[in-house]
Amino acid sequence: MTLYQNLNPEQLAAVTLPHESALILAGAGSGKTRVLTTRIAHLIQTGQASSGSLFAVTFTNKAAKEMLTRLTAMLPINTRGMWVGTFHGLANRLLRAHFRDAGLPQTFQILDSADQLGALKRLLKTLNVDDEKYPPKQLQGFINGLKDQGLRADKIDAPDPWTRKMQQLYAAYDEQCQREGVVDFAELLLRSYELLLNNAPLREHYQSRFKHILVDEFQDTNHLQYQWLKLLAGAQAAIFAVGDDDQSIYAFRGARVGNMADFERDFQVAKVIRLEQNYRSHGNILDAANALIRNNQTRLGKNLWTSDHAGEAIRVFEAASDFEEASFIVDEVKALQREGVALSDIALLYRSNAQSRVLEHALFNAAIPYRVYGGLRFFDRQEIKHALAYLRLIGNPDDDGALLRVINFPARGIGARSLEQLQDIARQSGISLWQAAQRKLLSGKAGSSIAVFTGLIESLRSACADLPLPEQVEHMLAHSGLIAHYEKEKEGEDRLENLNELINAAAGFVLEAEPETEMLSLSPNSLPRGERDADSLREIHFTSELAAFLAHASLEAGEHQAIAGADALQLMTVHAAKGLEFHAVFICGLEEGLFPHENSNREKDGLEEERRLMYVAITRARRRLTISFADTRMLHGQLRYGIASRFLEELPPQLLKRINRAVPVFAVQPAFNPKPRETDSGWHIGQAVSHAKFGHGLIIDSEGRGADARVQVSFNDAGVKWLALEYAKLEPR
DNA sequence: TTCCAACTGTTTTTT
DNA sequence: ACAGTTGGAA
């Protein structure tokens, strides 16, 4: 049968396992996703499962999407209504369907990390807590760490006064969120876990429904996610878990590899299936990866092999500086291009984002197109955050975080003083800022600017009630003053474009079919349909569509950046590269302190995680792997001397080839390239000029065009200055 | 309210 | 080095 064609014996065994819980230890490049999707197809095709009894969970939206795409290619099934998604996405779905039972408002909103941090800062302020003694970031880590373990504030041991205070703040934060109708990422999971735990009819309903639970990247699950899965799996359910302990690189955010061993025990896994044949890399690359990872003590044990030949040696380059490292990589990339390798099939991997700058600079000067992954995401942009805050207020005016973001943006004369008054009222009466504003209006003491703001939100709210989603967004943008504000701002064009893109995103967003509407009647305290009049039904529809769109914005923040464009070199951190593969891979910055990172030895088993990270990096390469390190590097504005990473020494020397450049080191150009370059204004970089007041100098940079054009001039005596070409009388010399 | 200078904290990151 | 934030002055 075509479904099973080209599967190796282990893959076939995994795909056709009987109905029992199973653990598949799938090495890098061993066809993990293929096994997972073929297993689903197998279950459906043999009649063991209907699409409604399947529950498949991944970590990233990308992986979930990939699974659905492959599945529809294999089987003619309707994936709508199937429970396939990320942990957070599925938890969100559960909570939306049972918001009453979960104790949430229907329009509850999701806080991303930045929103959460903002909420915590606000909390500390209202409680008058010293944020130097209790840093918001630390509090955030404290709370999320505990939630990831399934622990509420009242369930923790606080042996010392400091921890007791943190515990108090945790409780206060949860109260604040509840009051405002918002949940953070960890709360999505914890809340849905508690929902199932405390609501027996609901739990039993889902337990009897989901007979087949499939989990991708199982090594990345945290304690709570595992508990969640255990709760969801009823007596007749089988969990099909796929993972690779050697690729566990998220311990720092709570991932617990120990879940794999617990799973074997808790679910009486009869035998673990190992997928060890690699279909991706040449032999030398695999041998290097295997040799490296053997240095880790805590492993389940696994050795990748390939029937492919050894291939090229792994290239190792020692650079005098980070600049030289970058220029070496540029040369190598050009050579690969000449060999006919597409730029999109070449990856430049680094340990930390800060390293990309030097590389980008060199690539830019060499005119090599490149794309950096993991930069600022679409939904993280300031203007988008502002727009979303208005939308959130339309859905739920009690959302203090959203209100604070836009109450004076664009500026409408509500300063710190009036805000403080509002916050006082809110604190004293335990109400939201929105309610405080209304109370103040009633008492007749509010400034007119506050009336303008509440009036604006009210009018947006009523205007949007009758509009389809994209027009709600459009209306909000036009009437909130956001568009007008960015039209005035001189560099606001990009922002306006992004705001327009938000309308497109809304137009492209289709409300997911609610397969669980019938479940609403299960909850005893849900409102019977008869009690809702037509108006409130319509209202509920518009708010829930909006709420779903906003949830989508929080949960899939990264998806919008993936615009497939022209052929470009791929730059990303090693973390971001997991799951991807390339013809050629460069791993740079292989220095002690950088990779492994110096902070890693502070954490327990930190070094082993760094080694797994290096293992992930190596196994991304299909054919050519180049590793480089630099003797000196600029770090935090200081020159640092480095030595080669211990990981280099853990690679078998016979697999390595030290290479030297054809170009002598002294020929390497420094960062500044003095070659003349035309600016938009007709002046060019490197041009000698003179100025009536500052004397002679050289143009070293330029920006803007037309009336805004400016050039940066390095004067012999007067130093470096930016000059507006419209005013400064520059003379060519 | 707005602007600029001083200060700070810089591992990885998805949701 | 550098970006983001905060505090004080205008």
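When reading the values below, keep in mind they use all heavy atoms of this one structure, side chains included, and skip hydrogens, waters and symmetry mates. In what follows, chains are A, B, ... by sequence order, proteins preceding strands, each numbered from 1.
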K.L.:
Could you check whether A:R96 makes a cation-pi contact with A:F108, meaning its NZ or CZ is under 6.0 Å from the centre of the six-membered ring and within 45° of the ring axis?
P.N.:
yes
K.L.:
A:N599 side chain N/O closer than 4.0 Å to the phosphate oxygens (OP1, OP2) of B:dT12?
P.N.:
no
K.L.:
I want to verify a distance call: between B:dT14, B:dT11, B:dT2, whose nearest atom is closest to the A:A411 side chain?
P.N.:
B:dT2
K.L.:
Check the phosphate of B:dT14 against A:N61, side-chain N and O only, distance under 4.0 Å to OP1 or OP2. Yes or no?
P.N.:
no
K.L.:
In terms of the nearest nucleotide of DNA chain B, which residue is placed more toward the 5' end: A:N408 or A:L613?
P.N.:
A:N408
K.L.:
Between A:S113 and B:dT13, is there a contact of a side-chain N or O with OP1 or OP2 at under 4.0 Å?
P.N.:
no
K.L.:
Can you tell me the distance, in whole Å, between the CD atom of A:Q638 and the C1' atom of B:dG9?
P.N.:
14 Å
K.L.:
Quick one: A:F595 CZ to B:dT12 P, roughly how many Å, whole number?
P.N.:
12 Å
K.L.:
Check whether the side chains of A:E608 and A:T298 place a donor and an acceptor atom closer than 3.5 Å, and report yes or no.
P.N.:
yes
K.L.:
Using a cut-off of 4.0 Å on non-hydrogen atoms, how would the nucleic acid contact of A:I414 be classed: base, sugar-phosphate, or nothing?
P.N.:
sugar-phosphate
K.L.:
May I ask you to establish whether A:R253 and A:Y250 are in a cation-pi arrangement, using a distance under 6.0 Å from NZ or CZ to the six-membered ring centre and at most 45° from the ring axis?
P.N.:
yes
K.L.:
Would you call A:F252 stacked on B:dT12, i.e. ring centres under 5.5 Å apart with the planes less than 30° off parallel?
P.N.:
yes
K.L.:
May I ask you to verify whether the side chain of A:S600 and the base of B:dT11 hold a donor-acceptor pair under 3.5 Å?
P.N.:
no
K.L.:
Please determine, by modelled atom types, if A:T221 and A:N259 share a side-chain donor-acceptor pair under 3.5 angstrom.
P.N.:
yes
K.L.:
Can you tell me how far C1' of B:dG9 sits from CD of A:E598, to the nearest Å?
P.N.:
14 Å
K.L.:
Please test A:R640 against A:E591 for salt bridge (Lys or Arg N to Asp or Glu O under 4.0 Å), starting from the C-alpha separation and ending with a verdict.
P.N.:
CA-CA 11 Å; A:R640 290 236 312 215; A:E591 293 133 49; over 6 Å; no
K.L.:
In whole angstrom, what separates A:L607's CG from B:dT12's C1'?
P.N.:
15 Å
K.L.:
With a 4.0 Å cut-off on heavy atoms, is A:A186 in touch with a base, just the backbone sugar-phosphate, or nothing at all?
P.N.:
nothing
K.L.:
Looking at the side chain of A:H575, which of B:dT13, C:dA1, B:dT15 is the nearest nucleotide?
P.N.:
B:dT13
K.L.:
Considering only B:dT12, B:dT14, B:dT11, which nucleotide approaches the side chain of A:T60 most closely?
P.N.:
B:dT14
K.L.:
Assess the side chains of A:Y370 and A:Q570: does a donor N or O sit below 3.5 Å from an acceptor N or O?
P.N.:
no
K.L.:
What's the CG-P distance between A:D148 and B:dT13, to the nearest Å?
P.N.:
17 Å
K.L.:
What nucleic acid atoms does A:F87 come within less than 4.0 Å of, heavy atoms only: base, sugar-phosphate, or nothing?
P.N.:
nothing
K.L.:
Check the distance between B:dT13's C1' and A:H88's NE2 and give it to me in whole angstrom.
P.N.:
12 Å
K.L.:
Tell me: CG of A:L224 to P of B:dT14, nearest whole Å?
P.N.:
20 Å
K.L.:
Quick one: is B:dT13 close enough that its OP1 or OP2 comes under 4.0 Å of any side-chain N or O from A:N353?
P.N.:
yes
K.L.:
What is the distance from CH2 of A:W228 to C1' of B:dT15, rounded to the nearest Å?
P.N.:
12 Å
K.L.:
A:R357 near the nucleic acid: base, sugar-phosphate alone, or nothing, with a heavy-atom cut-off under 4.0 Å?
P.N.:
sugar-phosphate
K.L.:
Would you indicate what A:D184 reaches in the nucleic acid, counting non-hydrogen atoms under 4.0 angstrom: base, sugar-phosphate, or nothing?
P.N.:
nothing
K.L.:
Does a distance-only test, which skips hydrogens and angles, find a donor-acceptor pair under 3.5 Å between the side chain of A:R253 and the base of B:dT14?
P.N.:
yes
